[in-house]
> 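Have a look at this one before I ask anything.
Only this structure's heavy atoms are used, side chains among them; waters, hydrogens and symmetry mates stay out.
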Amino acid sequence: MTSPPPGSSDPRRSRTRRLLATLASVALSVGLAVPAAAATSTPAPTPTAAPAEPSLALSPVSNGVLRPGESLGATATLQNPGSSATDPVPVAFRLGTAPLRDRSALDRWLDGDTAGVSVAEVGATTLGAVSSDDQGSVSLNVPATDPVIAGRAPGVYPLSVQAGDLVATSVVVVPDTAAAASGLAVVFPITVGVRREGLLTASELADLTAVDGPLTAQLDAVDGTAATLAVDPAIPAAIRVLGTSAPPTAISWLQRLLALPNARFALQFGDADLSAQINAGLATPLEPISLLTYMSAADFSTPVTTSTASPTPTPSPSSGAPSLPDLATLLDIGPATANVYWPATGSAGPGVVGALAASGDADQPARILLPSSSVSDGTVPVDASVGGVSTPVYDADVTAALTRAAGENDVTRRGSDLAAAVGMLALARADAGGRPILVAVDRGTDRARASLRATLAAATTAPGFAAVPLDDVVGGAASAISPAEPEADAARVAEVTQLVSDEAVIDRFATVLEQPELLTGRERAEMLQLLGTSWSGDAAREAVAAHRSETQETLQSVGILSSDFRLVSSSAPLRPWIRNDLPWPVSVVLVARPDDVRLRVQEQTPIEAQADANTRVEVPVEARVANGEVSVALQLYSPTGEPIGDPQGVDVEVRAEWENIGLIVIILLVIGFIGIGVARTVGRRRALRREVAAALETPLTEPEVRDAAGASAEPEVRDAAGAPADAPIDGPRADADRGAEPRQEERP
């Protein structure tokens with residue numbers, strides 16, 4: 001924290017004024033030199049950004065705790081983000097001559113308001129030039145025997161350092177070693193960053209639970225402390241659903257979490273925002289439904305021991321198949337206090353407290369953690385109640401300092417925050433009159449192991465306190481408080497309403513599945529992750545919008561693929577496709593309704609559509625008239641009667657007489673072909689008979705045979721008497737040959 005010295009002006013403001021004056025003079029000179037016409041057409045140049053200013057931080061040794069007999073040590077660090085090196089500057093350390101009176105004085109001092117605080121110089125040195133984008137440090141060490149610190153009374157003393165025009169403030173706490181220790185409970189979250197998917201994947205778990213992973217760093221920080229753990233149950237669930245395929249480092253991490261002796265309670269799944277849900281009109285916060293969609297039976301052939309609970313396992317779907325763990329087993333975080341709620345800091349008022357109280361019962365009443373900043377009168381009673389509901393109050397200022405320190409990787413700045421937290425605790429202890437105090441390290445991401453460890457060590461070892469579990473600081477006589485009613489985040493409430501509305505549609509759509517929880521469980525898990533307290537601003541808006549778009553895609557994942565149809569007979573099947581893009585088979589009913597009585601269609605057709613496939617369906621259709629055009633409305637329904645997908649319309653062109661016409665044409669063609677065949681056969685036979693008759697009427701001639709000289713060589717045919725066969729025959733033979741009666745030779 002930086003501030004100008006008392007009675008001086010802030011050098012950063014002076015430099016800013018000089019820079020603005022220079023820019024104004026340059027702009028004025030340019031405006032005078034450039035013609036008005038050109039000025040109206042040329043855009044004004046973008047002003048050059050002001051150079052980054054150096055900053056100074058102060059960190060006392062041992063988080064500012066100065067016990068009797070110890071020396072006073074501190075480190076001042078100058079950070080130079082500029083483009084040029086700084087000049088060497090003298091450095092002076094100053095310590096208050098009297099302790100700060102109360103929390104208000106401490107807050108003003110830490111905010112840089114040093115007016116009215118008496119300090120004395122306890123050390124001086126020189127800080128050399130610091131290069132561009134670098135930092136330089138100097139240290140202070142005051143021996144324990146130095147009169148400036150020896151014999152100091154217990155209290156919180158202001159400490160400052162000045163380097164040139166820069167001033168940084170911190171505190172030194174001299175503890176009261178004779179006073180009895182007060183109880184101090186520290187709540188620490190075990191969470192991961194924001195996410196849209198319902199559960200962490202195997203690769204994400206491998207990274208988070210690696211030796212240098214964020215989840216490992218969180219367990220390293222709390223191991224050996226009395227911090228109370230606020231565990232997001234989605235983390236152990238993500239490990240357990242993977243069964244034997246879970247990364248070995250994740251299984252080891254979960255076993256280590258369950259073995260820790262720390263007290264704990266479960267956050268909402270995904271650390272969902274409780275206040276946003278209640279402000280959206282939900283009677284009780286949302287809870288996960290099922291994580292069955294994230295499990296595979298093949299990963300549970302061998303039992304994985306990562307649970308301290310012993311609920312009844314889910315029955316196997318078939319004999320011999322491995323049993324899948326049920327929801328209670330998956331969400332188990334070890335022995336935990338039930339019905340403890342930790343809304344996002346500053347988000348809960350009496351309305352949220354009253355709604356959450358309904359989740360408790362006589363044996364385990366609800367407890368709602370509230371920050372002291374929500375209490376109207378500013379008091380910090382750890383045992384408090386709102387309308388009779390237990391509301392343990394944690395110190396908001398200490399929590400803020402611890403949270404800053406947990407996220408700070410710079411050693412000096414982290415030490416400054418931790419010294420501030422220890423100083424606040426010392427004054428809070430005096431205000432509490434020996435009553436226990438509750439603080440927290442709020443949610444955060446990208447925290448280094450060293451920062452987390454140093455933060456928890458500073459909180460749990462603060463002087464004058466004994467670290468105890470949360471249950472040890474609550475349960476006493478409660479003080480009634482009146483927390484302020486914070487203004488609800490209207491955008492966040494609207495998002496909750498939209499997500500809940502979309503989920504109701506998904507619930508109806510999921511009835512197409514044999515196990516609807518495969519879809520409804522995934523939707524609920526993703527919803528809760530999107531409602532995580534770490535989401536904020538435009539990132540939250542974009543994540544919700546993307547999820548709603550994916551929800552619409554899911555609702556359209558089952559539908560009808562059809563085209564117009566021509567019916568050329570009195571009956572034929574209508575054959576649309578049923579598209580199923582889900583990874584599970586679905587059961588639907590196709591309802592077909594024609595808009596005209598000329599067509600009779602089977603109204604309901606049950607269908608079992610395969611996963612990630614298109615399934616062909618045959619719907620019987622019968623025409624009642626010869627022809628016409630009829631529209632058939634197609635709609636899918638779940639077995640419970642919920643409409644699925646968009647309705648489709650199919651235009652059916654009925655041409656039922658074409659069947660009779662076709663038969664007549666075929667018969668005529670057959671008759672014609674037969675007639676042509678018969679005619680051709682008869683014609684061939686007649687032609688053959690004519691040819692035979694003509695052949696019989698034509699005389700036969702012997703072929704002429706000639707000799708080698710070309711003369712006729714036809715052999716002479718003679719009869720038995722040796723006469724030529726063609727010689728005239730007289731007498732009875734010739735007559736016989738001519739068919740006449742043989743002539744009787746007359747004798748004298």
Side-chain angles (χ1 to χ4, degrees), residues 196 198 289 293 494-495 497-524 526-527 530 543-567 572-622 628-654:
R196 290 175 49 195
I289 298 173
T293 187
E495 289 169 355
T497 303
Q498 292 167 353
L499 291 173
V500 171
S501 177
D502 289 349
E503 185 190 32
V505 180
I506 287 289
D507 289 348
R508 295 193 296 269
F509 175 81
T511 55
V512 300
L513 301 176
E514 182 180 356
Q515 295 177 297
E517 61 271 19
L518 290 171
L519 193 55
T520 59
R522 184 184 70 180
E523 178 70 12
R524 176 62 63 85
E526 292 178 353
M527 282 179 56
L530 288 171
V544 171
H547 177 77
R548 297 196 69 200
S549 177
E550 293 170 357
T551 298
Q552 294 304 313
E553 293 179 4
T554 299
L555 295 174
Q556 296 298 323
S557 59
V558 178
I560 303 170
L561 300 176
S562 61
S563 59
D564 293 345
F565 177 66
R566 174 172 290 178
L567 183 64
L574 187 65
R575 304 183 68 196
W577 293 89
I578 303 302
R579 173 180 52 83
N580 178 21
D581 297 334
L582 294 175
W584 313 285
V586 300
S587 299
V588 291
V589 178
L590 177 61
V591 175
R593 294 188 176 95
D595 66 349
D596 198 298
V597 295
R598 291 178 293 180
L599 198 66
R600 178 184 297 169
V601 182
Q602 178 174 293
E603 183 175 3
Q604 295 188 0
T605 305
I607 303 163
E608 297 293 329
Q610 298 302 310
D612 286 320
N614 294 334
T615 303
R616 174 73 83 175
V617 181
E618 291 192 355
V619 180
V621 176
E622 181 180 351
E629 293 192 5
V630 180
S631 289
V632 179
L634 302 178
Q635 174 68 63
L636 290 177
Y637 290 88
S638 72
T640 60
E642 297 294 338
I644 304 298
D646 295 329
Q648 299 289 330
V650 176
D651 292 333
V652 179
E653 185 177 357
V654 181

> Going from CE on Met527 to CG on Leu530, what distance comes out if it is rounded to the nearest 0.5 angstrom?
8.5 Å

> Specify the closest pair of heavy atoms between Pro516 and Ala510, including all atoms of both residues, with the distance to one decimal.
CB-O, 3.5 Å

> Only pairs at least two apart or in different chains count here, so list each salt bridge (Lys or Arg N to Asp or Glu O under 4.0 Å) that has a residue in residues 604-616.
none

> When you measure from the side chain of Thr551 to the backbone N and O of His547, does any donor-acceptor pair fall under 3.5 Å?
yes

> Measure from the side-chain N and O atoms of Asp502 to the backbone N and O of Arg548, and report whether any donor-acceptor pair falls under 3.5 Å.
no

> State which residues pass side chain to side chain contact (heavy atoms under 4.5 Å, CB included) with Thr640; sequence neighbours excluded, sorted by chain then number.
Thr511, Ser638, Glu642

> Checking side chain to side chain contact (heavy atoms under 4.5 Å, CB included) against Val588, which of Ile560, Asn580, Leu636 comes through?
Leu636

> What is the minimum heavy-atom distance between Leu513 and Pro585, and which atoms define it?
CD2-O, 3.6 Å

> For Glu550, enumerate each residue passing the side-chain hydrogen bond (donor to acceptor under 3.5 Å, both in side chains) test, keeping only those at least two apart in sequence or located in another chain.
Arg196

> Please round to the nearest 0.5 Å and tell me the distance separating atom CD1 of Ile289 and atom CG of Leu519.
10.0 Å

> With sequence neighbours excluded, what pairs up with Asp581 under the salt bridge (Lys or Arg N to Asp or Glu O under 4.0 Å) test?
Arg579

> When Phe509 is tested against each of Leu582, Thr520, Val586 for side chain to side chain contact (heavy atoms under 4.5 Å, CB included), which residue passes?
Leu582

> Please name all residues satisfying side-chain hydrogen bond (donor to acceptor under 3.5 Å, both in side chains) with Ser557, sequence neighbours left out, ordered by chain then number.
none

> How long is the span from the CD1 atom in Ile644 to the CG atom in Leu590, to the nearest 0.5 Å?
12.5 Å

> Taking salt bridge (Lys or Arg N to Asp or Glu O under 4.0 Å) as the definition, give me every residue that meets it alongside Glu514, ordered by chain and number, with sequence neighbours left out.
none

> Could you tell me the separation between the CG atom of Leu561 and the CD atom of Gln648, rounded to the nearest 0.5 Å?
8.0 Å

> Output yes when a side-chain donor or acceptor of Gln556 lies under 3.5 Å from a complementary backbone atom of Gly645, and no otherwise.
no

> State which residues pass side-chain hydrogen bond (donor to acceptor under 3.5 Å, both in side chains) with Gln602; sequence neighbours excluded, sorted by chain then number.
Thr605

> Does Ser549 have any side-chain hydrogen bond (donor to acceptor under 3.5 Å, both in side chains) partners at least two apart in sequence or in another chain, and if so, which?
none

> For Glu503, which residues count as a salt bridge (Lys or Arg N to Asp or Glu O under 4.0 Å) partner, sequence neighbours excluded?
Arg524

> Over all heavy atoms of both residues, which pair between Ser587 and Pro639 is shortest? Give the atoms and the distance, please.
O-CD, 3.1 Å

> Identify, with sequence neighbours excluded, every residue that meets salt bridge (Lys or Arg N to Asp or Glu O under 4.0 Å) alongside Glu523.
none

> Sequence neighbours left out, what passes side chain to side chain contact (heavy atoms under 4.5 Å, CB included) with Val589? Give chain and number order.
Val591, Gln604

